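One structure below.
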Amino acid sequence: MAKSIILICEECLARNYRTQTNEARKERLTLNKYCPSCNKKTIHKETR
């Protein structure tokens with residue numbers, strides 16, 4: 001079953017992206033994505 005999550009920028013803490021993930025996964029999702037607030041690619045992590 002899919003779980004909806006929000007990704008947050010590590011540099012400016014802006015909540016930029018929403019995605020779905022597998023609920024069985026234990027570790028938090030980390031992606032390198034473009035942040036419109038920082039105007040560059042940064043690491044985005046799953047929020048709680």
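Residue numbers count from 1 along this sequence. What you see is a predicted model, and the numbers here were worked out from it, not measured in a lab.
The environment of R15 atom CZ is sparse: at most 12 non-hydrogen atoms of other residues, nucleotides or ligands sit within 6.0 angstrom. For L29, the CG atom sits in a packed shell: over 12 heavy atoms of surrounding residues, nucleotides or ligands are nearer than 6.0 Å. Heavy-atom neighbours of R48 CZ from other residues, nucleotides or ligands within 6.0 Å: at or below the threshold of 12.
Within the 4.5 Å cutoff, side-chain heavy atoms of K3 are placed close to those of E46. Contact check for C12 versus C35: side-chain heavy atoms found under the 4.5 Å cut-off. Looking at T47 and I5, their side chains never come closer than 4.5 Å, going by heavy atoms from C-beta outward. Between L7 and L31, some side-chain heavy-atom pair lies under the 4.5 Å cut-off.
In this structure, NZ on K33 lies 10.5 Å from OG1 on T42, to the nearest 0.5 angstrom. Interatomic distance, CD1 of I8 versus CG of N16, reported as 8.5 Å (0.5 Å rounding).
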Report the C-alpha separation of C9 and S37 in whole Å, then their side-chain angles, then the decisive distance to 0.1 Å, and conclude whether the side-chain contact (heavy atoms from CB on, under 4.5 Å) test is met.
CA-CA 9 Å; C9 177; S37 301; over 6 Å; no

After noting the C-alpha distance and the side-chain angles of K41 and E11, does the key distance pass the salt bridge (Lys or Arg N to Asp or Glu O under 4.0 Å) rule?
CA-CA 10 Å; K41 284 189 176 180; E11 290 190 21; over 6 Å; no

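Residues H44 and N32 have side chains that never bring a donor and an acceptor to within less than 3.5 angstrom of each other.
For the pair Y17 (side chain) and Y34 (backbone), a donor-acceptor distance under 3.5 Å is present.
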